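Take a look at the structure set out below.
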Amino acid sequence: MTEFSTRAVHAGQEPDAGTGAVIPPIHVTSTYAQDGIGNMRAGYEYSRGGNPTRDGLQTLLADLDGGVAAYSFASGLAAEDALLRAYLEPGARVVMGNDVYGGTHRLVNRVHVPWGVQLVVVDMSDVDAVRGALEGAPAKTVLWVETPTNPLMKIADIAGLAELGHAAGALVVVDNTFASPYLQQPLSLGADAVVYSTTKYLGGHSDVVGGAVVLADEALAEAVAFLQFGAGAISSPFDAFLTTRGIKTLAVRMERHSANAQAVAESLVGAPGVERVFYPGLADHPGHEVAAKQMRSFGGMLSLSLSGGAAAAKRFAESTEVFTLAESLGGVESLIGYPSEMTHASVRGTELEVPDDIVRLSVGIEDAGDLVADLRQALTR
Ligand SMILES: *Cc1c(COP(=O)(O)O)cnc(C)c1O
């Protein structure tokens, strides 16, 4: 089992030993019978500490990113929190991009900063700014990289930033939610840890909220494992099952998401009412070359700005028929959003604010022609 698509179907998913069931059962149990006090049949004692369905997903996630271990959580933010608290301490520093997922900024700013952590926000595409933010870094410093970013699809050079981060002694973390492990492999580019909102492409069907951390280092893996057990933000057996089921088709879905997004992006360039299209698959995107180097293809997310400004952007976002107006992303169905009042409402007035003429698309796996036609009719309204 060497190729990604094969591993996505089989890693951690052996047929059930007892019955031969090709799909391992969902272990909906809180506790496990002991044959004598402390004598567990398969090492499982209580499901916060361990559950076979969650273990199957974790084995799969670690395999797909080439990590030593992975841990799955109740949400992407729960995963991020566990990783950050496993590593940070009061006095530590987090350096993050000025366009990271708003919830990540809020988590550090409102949960970890009051605990004594410093937060430094920089433009991740500006190497000098990142170097400056890492200067005099405390012993525990995290360089938090997200690429592509939300919603402007900026691209950060993972290998370059990993080198910069390591030179300053920082832990380099990549939020790989937008790309998924099929399109981008941060650990192989030098990162120390990867986080996911598995709610998005890994789950892939908009039917489960979850998160994961994948680690390259055993000691940090143990610290995250302890917090998963000790703080308890685990994913449920059913959520772990849904996520595992989604991952089996990740490779084919991402191919289709990328092809559809490319077609949609190209159809929007120069379309009436469209000012700019932000998609790394377009040759004139400022991150195109780095994206081409570090990603298998360019993914399913794109944004556009409307020449009619905020009013036109809102009208457009409310005028599609195939694209559903909703938050979130990464599912098989196409979604449209107005970031400044939806996903990014919480960061208005901060350095993470998103321009109000931007509309974000999560391009699904429907027929590309239908998607292009839907956006055309919405633009004419
Ligand atoms: C959605 C998202 C998160 C947060 O994940 P939840 O599952 O909603 O907690 C983190 N990072 C990115 C890039 C996301 O899109």
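Note that the coordinates shown come from a computational prediction; the quantities given were computed from them, not determined experimentally. Counting convention: from 1, in listed order, for ligands and their atoms alike. Basis for what follows: all heavy atoms, side chains included, without hydrogens, waters or symmetry-related copies.
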I want to know if ligand 1 touches [X] in the polar sense, i.e. an N/O pair below 3.5 angstrom.
X: Ser197; result: yes
X: Thr104; result: no
X: Phe178; result: no

What are the atoms of ligand 1, with element, lying closer than 4.0 Å to any heavy atom of [X]?
X: Thr199; result: 7 (O)
X: Asp175; result: 10 (C), 11 (N), 12 (C), 13 (C)
X: Glu146; result: 13 (C)
X: Gly210; result: 7 (O)
X: Glu80; result: 10 (C), 11 (N)

For [atom], grab the closest protein heavy atom and report residue, atom and distance to one decimal in Å.
atom: atom 6 (P) of ligand 1; answer: Gly76 N, 3.3 Å
atom: atom 14 (C) of ligand 1; answer: Lys200 NZ, 3.0 Å
atom: atom 4 (C) of ligand 1; answer: Tyr101 CE2, 3.4 Å

For the residue pair [X] and [Y], confirm or rule out a side-chain donor-acceptor distance under 3.5 Å.
X: Glu80; Y: Thr104; result: yes
X: Gln228; Y: Gln58; result: yes
X: Asp356; Y: Tyr338; result: no

Worksheet item: Is it the side chain (CB and beyond), the backbone, both or neither of Leu77 that lies under 4.0 Å from ligand 1, heavy atoms counted?
Response: both
Practice prompt. Establish, yes or no, whether the cationic atom of Lys200 lies under 6.0 Å from the six-membered ring centre of Tyr101 and within 45° of the ring axis.
Written response: yes
Worksheet entry | Salt-bridge present (Arg381, Glu321; N to O < 4.0 Å) | yes
Worksheet item: Salt bridge between Asp239 and Arg54, side-chain N to carboxylate O under 4.0 Å?
Response: no
Worksheet item: Using the benzene-type ring in the case of Trp, are the ring centres of Phe298 and His285 under 6.0 Å apart?
Response: no
Discussion item. So that I know where these two stand, are Tyr32 and Tyr46 an aromatic pair - ring centroids less than 6.0 Å apart?
Written reply: no
